[in-house]
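Because the structure is a prediction, the values reported are computed rather than measured. Chain naming here is simple, since letters A, B, ... match the order of the sequence lines and numbering starts at 1 in each.
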Amino acid sequence: MIRFGLCCVFHEAPIRFRTATAKYVLKLRSLNQDPLHYLSQIILDNLQALEQAISYCGEHHIGAFRINSQFMPLYTHPEVKYQLKDFGEAEIIYQKFERCRELAKMLGIRLTLHPDQFVILNSPNERVVKASMEELEYHGLLAELIGADVINIHAGGVYGDKSAALDRLMQQIPKLSKRVRQRLTLENDDKSFTPEDLLPVCRAVGIPLVYDIHHHRCLPDQFTIDEASQLCYQTWNREPLFHISSPREGWSGKKLTSHHDYIDIHDFPLFWLSLDPLTIEIEAKAKEVAIARLMKELNLIY
DNA sequence: AGCGGTCAAGTTGAT
DNA sequence: ATCAACTTGACCGCT
């Protein structure tokens, strides 16, 4: 069984997640107003949106949903930081998390997380590494609360010495909590680290590799797409996860890295359909509309 | 209601 | 030197 995953937001369906800025929260505090109430209201709204998102996926044959890192906004911000138990509405929030977890389980919707570009485990700057570890621990908590089995990150920067950079990455991973390590995955990127670079790291540390075919096309290595797909697939101890996208201006355009509204069917390797099981997250700006079109073009009848 | 300025964080490469 | 890109616009406040 192949399933497609939607990333973070909806294009047409009226389901929206909220965020907050540190500036505004700090302003509330300076005005002696209660920022916790503001933040808990955002989280409650996000929980309602998540429930809607999971239901939508269930109704539209979308098998996975990636949750935005800002689900609990500013959780790790040095000047904001809060804990759920600080909220007056804490019990309701925990109940709604459980409700989302159960709904996703009942509908068979896989939930994933993708911490953003500021999580750099291999930075030479130890403050960056420390902040990254804290951010990952927040994702571990969030993953447990919603029942996500993937926390997917990139390998970080190169800093002029790729193998030293990968060594530093391998040093940091064992320091993470179990609930993060059990979910942590690496992904090949479009500028620095190929599947060839990361496969040995993943094997050594015992974490899976998310294969991003678009990144691999932007930054190829010795492996063909078929070979990389197979090798990445084999790193998984649970249902494998791949990414796909198409370049905004086509493969003859000058910027290959920005995403198109839809997936060009020619960019989709048909042999992926024989990989079972598999989750494919669709990175296309038209979001759920792009998934519907892709499924139709692939003639997948559910 | 609509719109504009603004928003935590790191690294890379295009301009 | 500056800035866009990266998983992604959404936030408040002014008119």
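- Taking atom P on both dG10(B) and dA10(C), the two are 24 Å apart, rounded to the nearest angstrom.
- Under the 4.5 Å side-chain contact rule for hydrophobic residues, Leu6(A) and Tyr262(A) do not share a cluster.
- Backbone-only engagement by His154(A) is indicated by non-hydrogen atom pairs under 4.0 Å involving sugar-phosphate atoms exclusively.
- Residue-to-nucleotide proximity on DNA chain C shows that, of Tyr38(A) and Cys7(A), the 5′-proximal contact is made by Cys7(A).
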Donor-acceptor contacts, no H, no angles, side chain residues 165-173 of chain A, under 3.5 Å, sequence neighbours left out:
| unit_1 | atom_1 | unit_2 | atom_2 | d |
| --- | --- | --- | --- | --- |
| Arg168(A) | NE | Asn122(A) | O | 2.8 |
| Arg168(A) | NH2 | Asn122(A) | O | 3.1 |
| Gln172(A) | OE1 | Lys175(A) | NZ | 3.4 |

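- Distances from the side chain of Thr76(A) to the nucleotides dT8(C), dA8(B), dT11(B) place dA8(B) closest.
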* Test side-chain contact (heavy atoms from CB on, under 4.5 Å) on Ile120(A) and His154(A) and set out the steps. => CA-CA 8 Å; Ile120(A) 313 275; His154(A) 292 288; over 6 Å; no
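- When the nucleotides dG9(C), dA9(B), dT7(C) are ranked by their closest atom to the side chain of Lys285(A), dG9(C) comes out on top.
- Side-chain contact, Asp212(A) with His215(A): a donor N or O sits under 3.5 Å from an acceptor N or O.
- Residue contacts shown for Val158(A) are limited to sugar-phosphate atoms, with no base heavy atom under 4.0 Å away.
- The side chain of His114(A) places no N or O atom within less than 4.0 Å of a non-bridging phosphate oxygen (OP1 or OP2) of dT8(C).
- Of the candidates dA9(B), dT11(B), dT7(C), dT11(B) carries the atom nearest the Tyr159(A) side chain, counting heavy atoms from C-beta on.
- Between dA10(C), dA8(B), dA9(B), one nucleotide has an atom nearer to the side chain of Arg16(A) than all others, and that is dA10(C).
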All N/O pairs under 3.5 Å across the protein-nucleotides 4-7 of chain B interface:
| unit_1 | atom_1 | unit_2 | atom_2 | d |
| --- | --- | --- | --- | --- |
| dC7(B) | OP1 | Lys23(A) | NZ | 2.6 |

What does the list of N/O pairs under 3.5 Å between the protein and nucleotides 13-15 of chain C look like, with a distance for each?
| unit_1 | atom_1 | unit_2 | atom_2 | d |
| --- | --- | --- | --- | --- |
| dG13(C) | OP1 | Lys27(A) | NZ | 2.7 |

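- For the pairing with His216(A), the side-chain hydrogen bond (donor to acceptor under 3.5 Å, both in side chains) check across Asp221(A), Asn188(A), Thr194(A) returns one residue only, Asp221(A).
- His11(A) comes within 4.0 angstrom of nothing in the nucleic acid, heavy atoms only.
- The shortest heavy-atom contact between Leu198(A) and Ala155(A) is CD2-CB, 3.7 Å.
- Taking only side-chain atoms of Gln70(A), from C-beta outward, the nucleotide of dC12(C), dA9(B), dT11(B) with the closest atom is dA9(B).
- Every pair passing side-chain hydrogen bond (donor to acceptor under 3.5 Å, both in side chains) that includes a residue from residues 132-146 of chain A is listed here, sequence neighbours excluded: Ser69(A)-His139(A), Thr76(A)-Glu135(A), Lys130(A)-Glu134(A), Glu137(A)-Ser177(A), Glu144(A)-Arg179(A).
- Applying the 6.0 Å contact sphere to CD of Gln48(A) captures no more than 12 heavy atoms from other residues, nucleotides or ligands.
- His11(A) and Glu288(A) form no side-chain donor-acceptor contact under 3.5 Å, judged by distance and modelled atom types alone.
- Atom-to-atom, CG of Asp116(A) to P of dC6(C) comes out at 14 Å; the value is rounded to the nearest Å.
- In this structure, the CD atom of Glu126(A) is 16 Å from the C1' atom of dG10(B), given to the nearest Å.
- With rounding to whole Å, Glu281(A) atom CD is found 15 Å from dC6(C) atom C1'.
- By the criterion of a centre-to-centre distance under 5.5 Å and near-parallel planes under 30°, the ring of Phe118(A) forms no stack with the base of dG10(B).
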* Structure fact -> Per-residue pairing states of DNA chain B in dot-bracket (Watson-Crick or G-U under 3.5 Å; . unpaired, | other strand) read |||||||..||||||
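- Side chain to side chain, His114(A) and Glu281(A) fail the donor-acceptor criterion of an N or O pair below 3.5 Å.
- On the P atoms, dG13(C) is 14 Å away from dA8(B), given to the nearest whole Å.
- Rounded to the nearest Å, the gap between the C1' atom of dA4(C) and that of dT8(C) is 15 Å.
- Separation of the P atoms belonging to dC3(C) and dC7(B) is 15 Å when rounded to the nearest angstrom.
- At the phosphate of dT7(C), OP1 or OP2 sits under 4.0 Å from a side-chain N or O atom of His215(A).
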* Verdict with reasoning, Asp261(A) to Lys285(A), per salt bridge (Lys or Arg N to Asp or Glu O under 4.0 Å) -> CA-CA 4 Å; Asp261(A) 288 349; Lys285(A) 289 179 178 290; over 6 Å; no
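- Taking for each of Lys287(A) and Lys191(A) the nucleotide of DNA chain C with the nearest heavy atom, the 5'-most of the two is the partner of Lys191(A).
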* Asked: So Leu145(A) and Leu141(A), side-chain contact (heavy atoms from CB on, under 4.5 Å) or not? Walk me through it.
  -> CA-CA 6 Å; Leu145(A) 284 168; Leu141(A) 167 69; 4.0 Å; yes
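- Applying the salt bridge (Lys or Arg N to Asp or Glu O under 4.0 Å) test to residues at least two apart or on different chains, the pairs with a partner in residues 93-110 of chain A are Glu51(A)-Arg99(A), Arg110(A)-Asp149(A).
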